[in-house]
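Below, read A as the first sequence line, B as the second, and so on, with proteins coming before strands; counting in each chain starts at 1.
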Amino acid sequence: MTRLATWLLVAAFSLPGTALATPAADPPETPGAAARRILKTKDFAFCRPPHTALPIEDGHWCAVADRSAICPELREMCRLRVASALPLDLRRSGKGRLQGDNAGNPEDVRQPAADWVRLLNHALLMAALTVLLILAVRWYLMRRGRLPAEPDTEVAPPGPTAHAVAPEALGEVAQLLAQARAAADLDVGRAYALLYAAALRHLELQGILHWQKATTNREYLRASRQTALHPPLVDLVREVERHRFGHATPQRAGFERLLQRIAPLLAMLLAVLTTGCEPAGDASLSGRAATWAVLRSQGIEVSSFSLPLAQLDQDSPPVFLDTGDVRLDPALMAALDKGVRAGGHVLLAAGQAQDLSVWLPAMVTELAADATEIVVADVRPAGPLEPAPGWIARTGLNDVRGWLPGRRVLADPALATGDAPEPPVDGMADAPTATTATEPPEVEAAPPQAVTEPGEVLLQRDGHTFARVWHLGRGTVVLVADERMFANGAMAVPGGAELAVAVVTETIGTAKRLAVARIGLLDPASSPADSLQKAGLWPLIVHALIALSLYLLARGVPFGVARDRDLRPRRVFAEHVRALGQHLRQRRASRLAASLYASWLLERLWQRHGLRGSARNIHELASVVSHRLQRPLADVADCLQRADEVRTLPDATADPAEDLALIRELGTLLADRPQKDTTP
Amino acid sequence: MTLHPSVSDGPIELTVEQFAETFQALEQALCAVVVGQDDVVDGVLTALFARGHVLIEGVPGLGKTLLVRALARTLQCQFKRIQFTPDLMPSDVTGGSVYDTRENQFRFVHGPVFTQILLADEINRAPAKTQAALLEAMQERQVTVDGTAVPLPRPFIALATQNPIESQGTYALPEAQLDRFLFKLVMRHPQVEAEREILRLHIAGLDPADFGRVGLQPMIDTGVVVAMQTLAATVHLDDAVLDYIVRIVHASRSHRAVFLGASPRASVALVAAARVRAAAEGRAFVTPDDVKSFAPAVLRHRLILQPDAELEGIGADEVIAGLLREVPVPRSAG
């Protein structure tokens, strides 16, 4: 009984402490009601007073402003609309393609910046980056040298930074916490250790400390001194050490107390950091923040997605693929095709016309009679684009009007699952209807085909298809003609929320989760060279390398570290000289010591710098050494000349002070890099 | 004052908590008098309770003699100072036999080494033979004169000093002899605030001959000191920590900048020092932190660096810091 009560207590405590991606809430309201509630929050400026002018890039939404019962403010904003100062590319663009849009509101679209301005900006940026790179390399070359001297001083640890953290890393902390809780029953000592590991990993993710093999517990404690975790961590370390090194029996009660103090601190930060991992979305009219919120209100978990498309499979979550302004190139299409056929489920929301000939030719073959409808008649082009096989063009926004809340349509339910047609989703019938349309969307009866072959019409109106679903291989693709049906503005339109939820539900099936991906993040580089290629950084890198080479050539500094050859004989000779020098020093035979030392040093420097034959002279050596050490040539030459004289005339009258000074000065020439002058 | 070659009041039992309390009180009292040398004070106290000796390197005027006198005051121990000079003879340190004409026999006159706290000032000024006499006393804790071994008092700690800046007229301690010192501590110039405090103390009347003016009172006696030494030697040392010590010392022998690394005596010294540190923090077991904190003091005088490394300015502390960064610290299980 006690054990059961303990487990219940642990479970009750664990639930709030295990914070990962926010779990989806049960759907307590209809999509329309959820959209109304969400849009009325302060995040959506277009849906609340005071009225502001609608930016020009959102001007196309004015076509539906008078239809928006949820956001009547939109009408006023359209009336106050003025030319916006914001450049088009700060918003989700594509609006420029609405020129000639049959929405009937020709816009004064802001012209893009002149090419020369862009080029100038680009050139300035490149120049600045190049200079910074050169300075950094120069600084490194000048300062590099001997063993690193890192005094063991206490450095104030950096403050906690809530930077973006990969969800996988955050999961480690939660996993360790969970393991600690689980281990407490069987091995309290191990539970302590796991709790300690969780705390350390948490601090490492914050950037407060770095896990190193040679760092002790006290050093970790010093690093964490400025954090809220420090006081309980002190107690935790004490207990861990008592158990590990003192062989004391760990107490369960003590562990529970520490767990209660520490776990909330970790969970709190996990919750804060995981917030950034969810696609918060853009709250503008063309953004998707409201859409995600509506989906979540319907019990659909929405998260970020960042994997190569080709790695999609049946275990991957369904993906909302937002192409934005990116055109899917053949490579991306091939990867998408591979991922879908392996079992991935993708909802493709195209922001511009896309070439889907990877799929459609096959489907054209399969669908036969449907091919012409899909390509030509089903989808109307929005601009001057000519319909062509395989293209899906964007539709006019005025088609959003008249969408009735309603049934999720399938070409033929029996074709999809063999089940009876599904009834309308609850609550959808209560949503306000549009005034212009009086007929529900027609359901096109697709010809009977095999289950995985034909594309099924998902959304159609007046003979025009707006969404279709294809089963390719083991996966599914839902193609949506206009991505704006998932925009915040569409949520403000009657039936828009229901439409979006219906289309998403068709994609995700029973999965109840949706991963949002932007096309730019979906194809990570496979190698550093690939990364540079994708980022277009090769010109910058080449430019920087050329500049660096020119700089180094101008300096005359050879690459690499000057190394001593024949190390073993050199060291033996050095020891001999040292011992002899000490002996002679005691007998004040300084000149002899200086002579021996000078001989050895000159020989070493000549060998080190590769001076042979005719280059083996004082002048040449002085030139190289002064360049390397950044010291005046005259000083270096004078020192080496004196060394040469001492070497060749050891019997001259000796002044011990002068000889010692010469030896010391010669010793400074052994440095490999310029040394700071520390003499007071 | 009569010398006490053995504890007169019988053995005293102490707990780890009492050890910690006493140690911290001593440290606090000494740091109040010897300002700005907290690390050195901590090292000297640790060496005392670890039954070791200390070599202090520092320029004149930093308070070496003051520290030793203050230590003697707090411990109620006898204190002697020897100023080493080039003409100092071994018998000047250990003592010798003197013919007593009244009794017509030789009588052994104790040298200054027969004390409980000995300050050997500028030990590198004496010739090798005199150094050896002192070092033998430190190692054996007895003096052999005319074939007779005379034990030194308990407790006995020798603090030797040497000046790092003078090289004329000095006799550097051989490396083999340096090994007999538990620690080599480096005394540096105090910070500005510490130096201000020093002046305030002197203005308040600090007199090394009369510490009562600054409130430094006797705190414990020799019996307690011996008890603390005994207790420190019983602090538990886990195998993992033992292994850590061995790996540190072993790493010092294979470092590329080291010609001759530390001997097993260094391992013994690390064990002793770490045990005292653990007890001073109220623990009955040693942790890797205790070992790591004393590794520089234990090793810096035991390493002989390669000539190339010395010529290029690499010091022992730098080498020790590097190898401490490389040797993995034992972790908690799992």
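By the neighbour-count criterion of 12 heavy atoms within 6.0 Å, atom CG of B/Asp39 is sparsely surrounded, having that number or fewer from other residues, nucleotides or ligands. The local environment of CD in B/Glu21 is sparse, with at most 12 non-hydrogen atoms from other residues, nucleotides or ligands closer than 6.0 Å.
Formation of a donor-acceptor pair under 3.5 Å by the A/His243 side chain with backbone atoms of A/Tyr192 is not found in this model.
Most heavy-atom pairs under 4.5 Å with chain A: of the set B/Ala278, B/Pro288, B/Ala284, this distinction falls to B/Pro288. Of the listed residues B/Asp289, B/Asp239, B/Leu324, the one with more heavy-atom pairs under 4.5 angstrom with chain A than any other is B/Asp289.
In this structure, a donor-acceptor pair under 3.5 Å is absent between the side chains of A/Arg218 and B/Ser293.
Only the backbone of B/Val286 comes within less than 4.5 Å of a heavy atom of chain A; no side-chain atom from C-beta onward does.
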